[in-house]
Amino acid sequence: MNETKPAPANFIEEIIEEDLRTGRGDRRIHTRFPPEPNGYLHIGHAKAICLNFGLAAKYGGLCNLRFDDTNPSKEDPEYVEAIKEDIRWLGFDWDDRLYFASDYFERLYEFAVQLIKMGKAYVCDLSPEEIKEYRGTLTEPGRESPYRNRSVEENLDLFARMRAGEFPDGSRVLLAKIDMASPNLNLRDPVIYRILRVPHHRTGRKWCIYPMYDFAHPLSDALEGITHSLCTLEFEDHRPLYDWFLEALGIENPPRQIEFARLNLSYTVMSKRKLLQLVKEGHVRGWDDPRMPTISGLRRRGYTPEAIRDFCERIGVAKANSIVDIALLEHCLREDLNRRAPRVMAVLRPLRVVIENYPPDLVEEMEALNNPEDPSMGTRKVPFSRVIYIERDDFREDPPPKFYRLAPGREVRLRYAYFIKCTDVIKDENGKIIELRCTYDPETRGGRAPDGRQVKATIHWVSAAHAIPAEIRLYDRLFTKENPAEEEDITACLNPKSLEVLTDCWLEPSLAGAPVGAHYQFERLGYFCVDPDSTPERLVFNRTVELRDSWAKIEKKGAE
RNA sequence: UGGGGGAUCGUCUAGUGGUAGGACGGCGGGUUCUGGCCCCGCUAGCGAGGGUUCGAGUCCUUCUCCCCCAGCCA
């Protein structure tokens, strides 16, 4: 067979293929996903995960999971477990290659000693404020620290004593000796070790000095044999420093850092800090609130790993900052769920309907398709009786043009059942419609009229005597602004209607015992999944995403 | 005013000197026992100016706008 190789999908694949051709990086592909365990993963991380693991898979390489845990004051083992679970759920596997930067502390310390011996690092006694001052500004060069030219011996001694805990936090740091006049601030003698008496979640109290990201990252990559180290755009300025450490320490086949644009999604925020704020201030119920763009939130909402992976593939990888329309994510979701979610009938806002000419004691079992997209999913029986509930939205006493559903004197089809015609509208003392009286045509059982007459609409229903009650949570975008991150205060543009809880909902009886996490399409309404808050007595559903709704569009247009 | 990046339909993204393409969205139509799915069609773009060239989104040049950097965070 003569298969043409697919063109590289993005600039990173181009670089990789070039490296594979020229032999740079040992003709291997080895990537890593390096989260800091200081928060939950979000859909932006999913992009990085798909990229790193996907590249390894595509080019026959490997991808490690490495926790970048060099700052114990922000990290927590709770996050480590949550992150592992999320990556696995997304469908990726790091086999036995689970690493922690903290595993390398001893070796990183040795690297630092090596740097000192080469005269490329020194201990500085300046205070944090002084260091900042000496660093200069964007437009003015920095000044050299008075401690910059200490002897190797003194530096070695001081660094050992930093490790031994002889000095208080913040009193001294180890700096790389590079260039205080560099226009790139990262090269103005950056801090590589600081004194921090904070117990580490993995190394306990063994260390009171911890390496900085800029030092730990390239060397951790080197230690793991990483060939391509992908990160986001804001680290572009750090690349010279990344390369400097590898070069100074004589690393062979050094890994190559490549930067790409992080993902932003419309109507949400993506920074860990802002997400943490939403959680802490109680604007959402937690990291896994179904309105959150976190992996755990999306999972609880009912998103599938397949949909998220497909989305990550479709958005592409580039270097331009962008905000992807959340409609694309929803499209990927619907496409996946349409294929696999069983159809059921559920009424969210019930309107009681009495079918006056239907025998009071009769119950019929109507046969319904579980998924018209996939006949192999079979059929089920849905009980039908004299009193049913329909959706309040499916009836209008005074129907506007193009409203095809039920109205006084009008006939519609009940999905998988009969044609019914509305004969009477019953209201309470306030004029609120509380019940409809209808008649059915026994000849239309199964949904077709022998005389060939047609109806304009098919609506869903549940049998009042058989339906099971449920709570259903409807979600909308969390923010009213397309890019909340650019607002002074993101909480000012929170969408007050991002959550609506419906407590008087009725489900067809086949849903009894539905397991947590199960996905369904509630016909004509959307995709829903069973929330963990469900109890054996009462199911709770989340609306994952609505079906596209052309009637809603028509109605909205009419209102304008 | 220093350095590092970036600019292609409304959005995301291809295009590597030879007819600017795809996806999402929007609009219109077909089909339909879900106003869903599916199918068809339409819509709409190279930040600006100059130059090189038979030919420029692509090369050169000037400019404009946007993002990132002055943590002992990552």
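Quick note on labels: first sequence line is chain A, next is B, and so on, each numbered from 1.
- One atom, NE2 of H331(A), and another, C1' of U11(B), lie 14 Å apart when rounded to the nearest Å.
- No option in D549(A), D394(A), T458(A) other than D394(A) meets the side chain to side chain donor-acceptor pair (under 3.5 Å) test with R524(A).
- Between F11(A) atom CZ and A14(B) atom P the separation is 9 Å, expressed in whole Å.
- Taking the C1' atom of each, A20(B) and G57(B) are spaced 8 Å apart, rounded to whole Å.
- Considering only the side chain of M212(A), G71(B) comes nearest among G6(B), G28(B), G71(B).
- Taking side-chain N and O atoms only, R143(A) has no distance below 4.0 Å to OP1 or OP2 of A70(B).
- Judged by atom type and distance alone, R239(A) does not reach the base of G4(B) through any side-chain donor-acceptor pair under 3.5 Å.
- Residue K319(A) contributes atom NZ, which lies 7 Å from atom P of G5(B) at whole-angstrom precision.
- Here the separation of C60(B) from A23(B), taken at their C1' atoms, is 34 Å to the nearest Å.
- Look at the P atom in both G50(B) and C24(B): the space between them is 38 Å, to the nearest Å.
- Rounded to a whole Å, the CG atom of L369(A) is 16 Å from the P atom of U32(B).
- The partner of G71(B) is absent, by the rule that a Watson-Crick or G-U pair needs both atom distances under 3.5 Å.
- The aromatic rings of F159(A) and Y109(A) sit parallel, their planes meeting at an angle under 30°, below the 60° perpendicular limit.
- Relative ring orientation between F522(A) and F528(A) is described as parallel, the plane-to-plane angle staying below 30° on a 0-90° scale split at 30° and 60°.
- Taking atom CG of residue N321(A) and atom P of nucleotide C68(B), one finds them 8 Å apart after rounding to whole Å.
- Look at S182(A) and you won't find any side-chain N or O under 4.0 angstrom from OP1 or OP2 of G3(B).
- Out of G5(B), G3(B), C24(B), the shortest distance to the side chain of R314(A) is found at C24(B).
- Under the 30°/60° scheme for interplanar angles, the aromatic rings of F403(A) and W551(A) are found to stand perpendicular.
- Nearest heavy-atom pair, T70(A) versus A216(A), reported as atom, atom and distance to 0.1 Å: CG2-CB, 3.8 Å.
- Aromatic ring pairs are classed by plane angle as parallel below 30°, tilted from 30° to 60° and perpendicular above 60°; the pair H200(A) and Y210(A) is parallel.
- The side chain of R548(A) places an N or O atom within less than 4.0 Å of a non-bridging phosphate oxygen (OP1 or OP2) of G26(B).
- Aromatic ring orientation, H45(A) versus H42(A): tilted (interplanar angle from 30° to 60°).
- For A320(A), the listed nucleotide lying nearest its side chain is A7(B); candidates were A7(B), A70(B), G3(B).
- Both distances falling under 3.5 Å, in either a Watson-Crick or a G-U wobble arrangement, place C59(B) opposite G51(B).
- A close approach under 4.0 Å does not occur between any side-chain nitrogen or oxygen of R273(A) and OP1 or OP2 of C73(B).
- Under the Watson-Crick or G-U wobble criterion, with both distances below 3.5 Å, A23(B) is paired with U11(B).
- In this structure, of C12(B), G25(B), G2(B), it is G2(B) that holds the atom nearest to the side chain of L138(A).
- In this structure, E36(A) does not pair ionically with K74(A), as no charged nitrogen and carboxylate oxygen lie closer than 4.0 Å.
- Contact annotation: K557(A) side-chain N/O to G28(B) OP1/OP2 distance is under 4.0 Å.
- Looking at the side chain of T70(A), the nearest of the listed nucleotides A70(B), A74(B), C27(B) is A74(B).
- In this structure, W551(A) counts as stacked on the base of G35(B) under the 5.5 Å centre distance and 30° plane angle limits.
- Ranking A74(B), G2(B), G35(B) by closeness to the R194(A) side chain, first place goes to A74(B).
- A donor and an acceptor atom never sit less than 3.5 Å apart when one is taken from the side chain of E330(A) and the other from the base of G25(B).
- When distances run from any side-chain atom of D237(A) to the nucleotides G4(B), G35(B), G2(B), the shortest one goes to G4(B).
- Ranked by how close their nearest RNA chain B nucleotide is to the 5' end, N38(A) and R524(A) are led by R524(A).
- Glycosidic conformation of G71(B) is syn; the angle stays within 90° of 0.
- Across all strands shown, C65(B) forms a Watson-Crick or G-U wobble pair, both distances under 3.5 Å, with G6(B).
- Mapping N186(A) and L329(A) onto RNA chain B via the closest heavy atom, the residue that lands nearer the 5' end is L329(A).
- Distance CZ (R413(A)) to C1' (G35(B)): 13 Å, rounded to an integer number of Å.
- With G36(B), G5(B), G35(B) as the candidates, the nucleotide lying closest to the side chain of K402(A) is G35(B).
- The distance between atom CE of M345(A) and atom C1' of G36(B), rounded to the nearest whole Å, is 15 Å.
- Checking A74(B), A23(B), G35(B) against the side-chain heavy atoms of L328(A) singles out A23(B) as nearest.
- Computed from coordinates, the F311(A) CZ to U11(B) P distance equals 16 Å when rounded to whole Å.
- In a base pair of the Watson-Crick type (N1 to N3 plus N6-O4 or O6-N4) or a G-U wobble (N1-O2 and O6-N3), with each distance short of 3.5 Å, C37(B) is matched with no nucleotide.
- Side-chain proximity of K132(A) to G71(B), C24(B), C67(B): nearest is G71(B).
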